[in-house]
Amino acid sequence: MYDFIPDNPYILLTPGPLSTSKGVRNALLRDWCTWDADYNEGIVQNIRGRLVSLATTKTEEYTAVLMQGSGSFAVEACIGTALPRNGKLLIVTNGAYGKRIAEMAQVLKIGHIEMALPEIEAPNPDDVAALLSKHPEITHVAIVHCETTTGMLNPLGEVSRVVKAADKILIVDAMSSFGGIPFDIGSLGIDYLVSSSNKCIQGVPGFGFVIARRSLLEQCAGNARSLCMDLYGQWKDMDKSGKWRYTSPTHVVRAFYQALDELEAEGGVTARHSRYDENHRLLVEGMRGLGFETLLPDSLQSPIITSFLYPNADFNFHTFYEAVKERGFVLYPGKISQADTFRIGNIGEVYPDDIRLLLDAIFEVVGKQENHA
Ligand SMILES: *Cc1c(COP(=O)(O)O)cnc(C)c1O
């Protein structure tokens, strides 16, 4: 039926936007009215309910708010609304996305302390606990779950335990892990979780979302430092009828609904996690066989995205990238200061067979490059 849509020229092995299914892309092909119940009730409210159910079994304690823009917009709306004027935010950072939260706090003039760690170091929960007891004025703690900068999976369970023991509000940037790694925000005590349409749910880019503890969000009236990025205002309107305050990205939202259907059809977050794990396992095993080393030890590594070190001083990422792209796969440059790396994502409409083909392509490219030298 949709034969006229050209298929993608290559697979994106990137951390989002990522390769989406044909079903998701086809769902973009009709228009929606933003005040009609077909859209507000049928799509928006349905999505909000399903997001809460994906995040926790304690569904009555949480609510979901969708926010226009990329994932960072939702993070900024979240901290800009969750923190009252006299609040103070501790931000645990070990990569670009953690640092971005600190930048947001700076711009929004939110009092904050950054616990800054090297990009290849995982936060020690005891150090977080020590900081919290040293600074009793801290009200909120923010941490990134999967630091997409390196691919590190931060110890969310242990950090939430110390944050909850100190009775602080916990904000988690789970942008690149939500939907791809199973965890329950209710049992971890997470108060705000932020993610977006174009990561592990495998939708197209255009909005982010916050899954918030209802009893806390209710107290956030008047906190926002921005009219448009007021998570509370957006929630108040959206909760009534599913209507977004300002124009909603209708096609993107409908495609996300399809992506949620496909996540369910795959077997839910657990099944998706297994697929990503298998992608990752094959990738690392294959790349090591080709002489590449990972930046992180396996114990700190997420199945979401993997950083590889340049194999030698002569390695030219750009040439490598172009040659691999010609063979149908798009990789991602590195983003860290301490080492020369590039990244390969395992998420999206990507299967173990795609990884096997990728490894064949890299084998061919690396062989050719060696012949040139
Ligand atoms: C993708 C991502 C974001 C959001 O980035 P945008 O470019 O705004 O979509 C935030 N945090 C993490 C950990 C991410 O992976």
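Treat the numbers as computed from the prediction; the structure is a model and nothing was measured. Each ligand, and each atom within it, is numbered from 1 in the order the structure gives.
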Inset, instruction - Kindly assign one of parallel, tilted or perpendicular to the pair F207 and F256, based on the angle between their ring planes and the thresholds 30° and 60°. - result: perpendicular
Between [X] and ligand 1, does any nitrogen or oxygen pair lie at a separation below 3.5 Å?
| X | value |
| --- | --- |
| N198 | no |
| K199 | yes |
| M175 | no |
| S70 | yes |

Inset, instruction - Would you verify whether the NZ or CZ of R275 falls within 45 degrees of the ring axis of Y351 while also being under 6.0 Å from that six-membered ring's centre? - result: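 So R275 does make the cation-pi contact.
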Inset, instruction - Establish, yes or no, whether the cationic atom of K325 lies under 6.0 Å from the six-membered ring centre of F317 and within 45° of the ring axis. - result: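 Verdict for F317: no cation-pi partner in K325.
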Legend entry - Distance-only side-chain donor-acceptor flag, T93 / E114, under 3.5 Å: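 There is such a pair (donor and acceptor under 3.5 Å, judged by atom type) between the side chains of T93 and E114.
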Legend entry - Flag for T56-D184: side-chain donor and acceptor within less than 3.5 Å: yes
Inset, instruction - Have a look at ligand 1 and work out which part of C146, if any, has a heavy atom under 4.0 Å from it: side chain, backbone, both or neither. - result: backbone
Legend entry - Which segment of H145 sits under 4.0 Å of ligand 1 when only heavy atoms are counted: neither
Numbering as shown, the atoms of ligand 1 that approach [X] to under 4.0 Å (heavy-atom distance):
| X | result |
| --- | --- |
| R100 | 5 (O), 7 (O), 8 (O) |
| T148 | 12 (C), 13 (C), 14 (C), 15 (O) |
| S176 | 15 (O) |

Legend entry - Sub-6.0 Å ring centroid separation between H145 and F178: no
Inset, instruction - Give the single entry among G208, P17, S72, A74 that approaches atom 4 (C) of ligand 1 most closely by any heavy atom. - result: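 Comparing heavy atoms across G208, P17, S72, A74, the nearest one to atom 4 (C) of ligand 1 lies in S72.
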Legend entry - Option with minimal heavy-atom separation from atom 11 (N) of ligand 1, where the choices are D173, V144, I347: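 Ranked by closest heavy atom to atom 11 (N) of ligand 1, first place is D173.
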Inset, instruction - List the closest protein heavy-atom neighbour of atom 9 (O) of ligand 1: residue, atom name, distance to the nearest 0.1 Å. - result: G71 N, 3.2 Å
Legend entry - Partner residues of F308 under the ring pair (Phe, Tyr, Trp, His ring centres under 6.0 Å) criterion, sequence neighbours left out: F342
Legend entry - Qualifying residues under ring pair (Phe, Tyr, Trp, His ring centres under 6.0 Å), relative to Y257, sequence neighbours excluded: none
